[in-house]
Each structure stands twice: as structure tokens, then as C-alpha cells.
Amino acid sequence: VVVTRAAAGLRAGSIRRRSVPVGAATGSPLQVTKVDFIGIPSTDFDRSMAFYVDTLGLRRDEHSKTEFWVGAQCYGFWKPEWMNEEIQPSQTTLALHVEDVPAARAELEAKGVEFAGDFDSGVCHMAFFKDPDGNHLMLHNRYKAYEP
Amino acid sequence: VRVETVDFLAIPTRDIERSLRWYTEVLGLERGAEGEVETPNVTISFWNPESDGEEFKPHVGGFALRVADVEEARGELEAKGVAFKGETYDSGVCHMGFLEDPDGNTIILHRRYKPRG
């Protein structure tokens, strides 16, 4: 399992070229410069980390036992009781970019990951699965270029 | 599996058009192509779980938007009528202000003031 580190992405065609900086020159204090992390509810941090790092091949944070990275983007596990909430799986779906959705799906299925289904949107392939807490994930590959 | 990046986040909503308006007009994010919203490093998309036969559940954990100063950004949003959940929290390494989008998904205004590591 090989994970491309740091700011991979921005490959021609399949990945959006993002316009930056968003909100620049507005002078507004509400100028979002980055999404610092995305929260993923977890009832068992060790089990979650094993899934995202060992099964999916993502990069464990050097310092934190509750954070991992995909490229230059950080994700953090949190316990719903921290916010006096019952665990309810997140429907915020991470679209994990892979070059070949069926091949990646087969590799994960061989590791015991169950998929709910797949979908060809006409511009991209998607295959849907969940982490051990039921949080939504998808494998994603856009094969049609964005309009310039 | 070779995952290079997250192409987008699909945020659950019961009303995609309402979400698009709120994320662009209230949060001030840039509208992208094809019903998406852009941040400097993550593309945000929306989906309605009910259209796929799933019960809608808001994302309580949320995601953290970096701003220069949480209190100032909070003041601007409050002036637009956005209600925050509790006081701004100081974790010892960062400031966090918690709010909800129109569907109840948590969003965190975030500024880390202590270096990582």
C-alpha cells in the first residue's frame, strides 16, 4: 500500500484545479484560508486508526493518536460524548481519490471491507463503503475533465 | 490502495439549494462548478440522504475552517444572524467557535495559535 504524501493531487483532468485564494481582498474577518481538519466520530480511536492507516493506507499523524492525513488534509477522530452527543455515524462522505475504483474496491474487499454499491455518475466512478463506526466513505475517480 | 487526495466532501443536507446559498452568502465561500463550493484546499459538495432512502442525520463532529481571528469572524457571522453553540473554546493550542449550518451540521471556526509537535 503506497500513499502519496504531501500535496499530491491537482492532476490534470481528473481533479479540480482550485481557485485560490478564496475570499481574498474582501477585508472580511470571515476569510477562510483553509479547512484545518474534518471531524470523524469514533467510539474506538485505536480501531479507527487501524482502519484508516492499515486498511486504507492513509498517513498517521506524527504527533497525534487521533489524527491522520490524506495528502495535505488532516482528519481528526473525536468522541461524540465530548459534545454530549450519542454516536451517530457521519453522513459527510469523504471522496477518496483512487486511479482505478474497481481495482481499489477489490483490494479492500480482500481485506474484508464491505461495499454498499457503486455508481457511474456519467463523469465519475464511485464505490460506497463505511468505516467501523458506520461513517460514510467512497472511492472516487473522475474520468471526465471539468469544464475549463 | 493508493489514495492521493480527497476529491471532495459530500455534506448531508435536506435542501441542496439552501445549502449552496448559505455556504456562499453567509460563510462567504466561493461557488464552484456543478453545485459545489470551494475552500482553498477542499471542495465541498452536498447530497441529500433522503433522496437515497436514508434518514438524514447532521454531522455533529463538523469540520474546521481556519480564520485569522475566531472572535472577529464570529462577530461577523453573529451580525448576520448566525447563532453559535456556547462560548468560544480555548483548547490550550487553538481557539474554536462552534456553529451549525441550516441542517444542523457543525462547523468550527478554528485558529491554532500553538505550533504542532
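It should be emphasised that the depicted structure is a prediction, and the values quoted were computed from it without experimental measurement. Note on naming: letters A, B, ... go to the chains in the order of the sequence lines (proteins, then strands), and numbering restarts at 1 for each one.
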Decide yes or no on side chain to side chain contact (heavy atoms under 4.5 Å, CB included) for A:V32 and B:L27, but give the supporting numbers first. CA-CA 8 Å; A:V32 175; B:L27 280 189; 5.9 Å; no
Tell me whether B:F63 is reachable from A:I87 by hopping between hydrophobic residues (I, L, V, M, F, W, Y) whose side-chain heavy atoms are closer than 4.5 Å. no
What distance do A:E99 atom CD and B:E4 atom CD have between them, rounded to the nearest 0.5 Å? 5.0 Å
ring-ring contact (aromatic ring centres under 6.0 Å, His included) involving B:Y113 - partner list, sequence neighbours excluded: B:H95
Is there a continuous path of hydrophobic side-chain contacts, each under 4.5 Å between heavy atoms, that joins A:F115 to B:W47? no
Minimum heavy-atom separation for B:P58 and A:Q88, please, with both atom names. O-NE2, 3.3 Å
Hey, does B:V60 have a side-chain heavy atom less than 4.5 Å from the side chain of A:P80? no
Spacing of OG1 belonging to A:T33 relative to CZ belonging to B:R111, to within rounding of 0.5 Å: 6.0 Å
Contact check, side chains of A:V70 and B:V3, non-hydrogen atoms, under 4.5 Å: yes
Shared hydrophobic cluster for B:V37 and B:L77 (ILVMFWY, side-chain gaps under 4.5 Å): yes
For residues A:L30 and B:L109, determine if any side-chain heavy atom of one lies less than 4.5 Å from a side-chain heavy atom of the other. yes
When only pairs under 4.5 Å are counted, which of B:P49, B:C94, B:A68 shares the most heavy-atom pairs with chain A? B:P49
Please determine whether the number of non-hydrogen atoms from other residues, nucleotides or ligands lying under 6.0 Å from atom CD of A:E81 exceeds 12. yes
Enter the distance from B:T39:OG1 to A:K34:NZ here, rounded to the nearest 0.5 Å. 9.0 Å
Okay, A:D61 and chain B: the region with an atom under 4.5 Å from a heavy atom over there is side chain
Would you give the length of the straight line joining atom CG of B:L65 to atom CD of A:Q31, rounded to the nearest 0.5 angstrom? 12.5 Å
Any residue meeting ring-ring contact (aromatic ring centres under 6.0 Å, His included) with B:F46, in chain and number order, not counting sequence neighbours: B:Y23
Can you measure from OG1 (B:T5) to CG (A:L96) and round to the nearest 0.5 angstrom? 9.5 Å
By residue number, those in residues 117-131 of chain A with heavy atoms under 4.5 Å from heavy atoms of chain B are none
Counting only non-hydrogen atoms closer than 4.5 Å, can you tell me which residues of residues 35-51 of chain A sit against chain B? A:V35, A:D36, A:F37, A:I38, A:G39, A:P41
B:Y89 with B:I107, same ILVMFWY side-chain cluster at under 4.5 Å: yes
Give, for atom CD of A:E107 and atom CZ of B:R2, the distance between the pair rounded to the nearest 0.5 Å. 12.0 Å
Check the hydrophobic clustering (I, L, V, M, F, W, Y; side-chain heavy atoms under 4.5 Å; chains of links allowed) and say if B:F84 and B:M96 are grouped together. yes
If I measure from the heavy atoms of chain B, does A:Y75 come under 4.5 Å with its side chain, its backbone, both, or neither? side chain
Between the side chain of A:Q91 and the main-chain N/O of B:E55, is any donor-acceptor distance below 3.5 Å? yes
Does the plane of the ring in A:H140 sit parallel, tilted or perpendicular to the ring in B:F8? Use 30° and 60° as the thresholds. perpendicular
Heavy-atom pair count under 4.5 Å with chain A, highest-scoring of B:R112, B:E72, B:H110: B:H110
Can you find a pair of side-chain heavy atoms, one from A:H97 and one from B:V6, that are under 4.5 Å apart? no
